[in-house]
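Take a look at the structure set out below.
As the structure lists them, so they are numbered: ligands from 1, and atoms in each ligand from 1. Computed from a prediction, not measured in an experiment: that's the story for all the values here.
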Amino acid sequence: MQDKNMLMIPGPTPVPESVLLAMAKHPIGHRSGDFSKIIAELTANLKWLHQTTNDLLMLTVSGTGAMEAAIINFLSPGDRILVGNNGKFGERWSLVGKAFGLQVEEITAEWGKPLDPEVFRAKLAADTAKTIKAVIITHSETSTGVLNDLETINTHVKNHGESLIIVDAVTSLGAVNVPIDQWGLDVVASGSQKGYMIPPGLGLISVSQKAWKAYENAKIPKFYLDLKAYKKATDKDSSPFTPPVNLMYGLQVSLQMMKKEGLESIFARHARLTQATRAAMKALGLPLFAPDEAASPAITAVMPTGVDAEAIRSTMKKQFDIALAGGQDHLKGKIFRIGHLGFVGERDILSAIAALESTLQTLGYEGATPGAGIAAAASILAKVG
Ligand SMILES: *Cc1c(COP(=O)(O)O)cnc(C)c1O
């Protein structure tokens, strides 16, 4: 059915109508006084959302551009870095680091399992010569639906003292508490099409004083992503190059919506949707890929048995216009992923679960009592509603 498409993937995420309408305007000059006011408002509201007084910079890139900026501005070729890799995005950080000649040491965990903070503690404690320049953690590993224990790993980085902590918060920011200042997170990268409720195209990055000190010694060449240029411009409510003006109209509205809802409520909503989704999958006998204690607030990965993951996805798409995400790399065809990030409410989750139950019946799956998924989700939503 035309215009009935429902995005339940972890990015791009659904966009509110008021945001879409805000973007449907003529662009204005990005050097105008009117646009300066918009940049000032966005910067202030983004700092609120990121819980930080650090510099908060907007880049015209996807999330990966913000990842690249996080590496090339603060490190030099040959620098030793520790990268947590338990999925596609952890792996991407390694690839970016290697592309720029860094000495990348991976700390891995099986896909679907969280990183073990103890391994970071031991590596950092053994580094008495202080050769580790940065530790990079993907907070919410979107490919597997795992939330890594950033808080604990960060404590070990703080005990090391020298190393920067660089965080991929692309699917955790705006979904779960990431208190940048309280935890002392040096560089935090994210992207607009995830928790910010706007389309793709804007990369966000926050930079601490300690990271700016590292910037002074960083020798990787850079131009478009040289963050000092963004800082200088942002300090004057401006932008070094032409920014995505219309996307920023949208961000104005989405941030106003988030402020109205409040951080605590936003986090509570994501926790509720995650719990309801997970309870439903359990009730339907569909195995969850990530453990309860490390469940991403943005995405639930499911590894069905007795029914084909890709058949589920194509039936959901064909019959219900609901887009679910599939698995990546070796998980292709083995898992499906339900996104519940950003502009997603309880009604969306109930619709998706009901459609999934119907899909399971269509596919002849016999592992579940009809209605069991909805009943389980409803009881979670009733408890907190
Ligand atoms: C989406 C995402 C990114 C960035 O991907 P882009 O396609 O470049 O926007 C980075 N890390 C994680 C964890 C993500 O989910």
Side-chain angles (χ1 to χ4, degrees), residues 7-15 50 57-72 83-97 99 106-109 111-115 134-150 153 165-176 178 185 187-206 224-225 244 247 250-251 254 270 274 289-290 294-301 323-329 331 335-344:
L7 267 185
M8 299 289 285
I9 62 174
T13 62
V15 178
H50 289 70
L57 310 172
M58 291 178 267
L59 319 174
T60 312
V61 292
S62 82
T64 306
M67 293 165 71
E68 181 161 320
I71 284 195
I72 64 177
V83 175
N85 175 358
N86 58 337
K88 191 73 186 162
F89 290 100
E91 179 183 274
R92 184 173 299 175
W93 280 101
S94 279
L95 294 174
V96 178
E106 291 192 337
I107 293 178
T108 58
W111 286 34
K113 301 276 184 298
L115 296 166
V135 172
I136 303 184
I137 301 297
T138 303
H139 191 194
S140 163
E141 180 44 84
T142 314
S143 62
T144 60
V146 165
L147 187 72
N148 285 310
D149 186 357
L150 172 62
I153 295 170
I165 175 93
I166 298 176
V167 178
D168 176 338
V170 180
T171 53
S172 61
L173 247 160
V176 70
V178 189
L185 305 176
V187 181
V188 178
S190 57
S192 59
Q193 81 276 27
K194 306 293 175 84
Y196 299 83
M197 309 196 293
I198 65 170
L202 208 54
L204 294 309
I205 191 162
S206 76
Y224 182 64
L225 292 178
L247 216 46
L251 185 58
S254 71
H270 282 85
T274 304
F289 194 60
S296 164
I299 181 116
T300 297
L324 301 179
Q328 292 164 289
D329 289 356
L331 294 177
I335 64 169
F336 66 88
R337 295 175 296 149
I338 304 173
H340 34 77
L341 173 61
F343 188 56
V344 179

Could you point out which residue of M67, E141, R92 forms a side chain to side chain contact (heavy atoms under 4.5 Å, CB included) with D168? M67
Test F289 against every option in I299, T144, T300 by the side chain to side chain contact (heavy atoms under 4.5 Å, CB included) rule and name the one that passes. T144
Heavy-atom proximity to atom 8 (O) of ligand 1 ranks first, among T138, V61, T64, for T64
Using only atom types and a distance under 3.5 Å, with no angle test, would you say the side chain of T171 pairs donor to acceptor with the backbone of S140? yes
Are side-chain heavy atoms of H270 and V176 found at a separation under 4.5 Å? no
Numbering as shown, the atoms of ligand 1 that approach [X] to under 4.0 Å (heavy-atom distance):
X    : value
G63  : 4 (C), 6 (P), 8 (O), 9 (O)
M67  : 10 (C)
T171 : 15 (O)
R92  : 5 (O), 8 (O)
S62  : 6 (P), 8 (O), 9 (O)
K194 : 1 (C), 2 (C), 3 (C), 14 (C), 15 (O)

Can you see which heavy atom on [X] is nearest to which on [Y], and at what distance?
X    : Y    : answer
A69  : L59  : CB-CD1, 3.9 Å
L202 : P244 : CD1-CG, 3.5 Å
T142 : F89  : CB-CE1, 3.6 Å
S190 : A169 : CB-O, 4.1 Å
N85  : E91  : OD1-N, 3.4 Å

Which residue and heavy atom of the protein sit nearest [atom], plus the separation:
atom                    : value
atom 13 (C) of ligand 1 : T142 OG1, 3.1 Å
atom 3 (C) of ligand 1  : F89 CE2, 3.5 Å
atom 11 (N) of ligand 1 : D168 OD2, 2.6 Å

Is there at least one pair of N or O atoms, one from S140 and one from ligand 1, spaced under 3.5 Å apart? no
Should H139 be listed as contacting ligand 1, given a heavy-atom distance under 4.0 Å as the test? no
Test item, E141 contacting ligand 1 (heavy atom, 4.0 angstrom): no
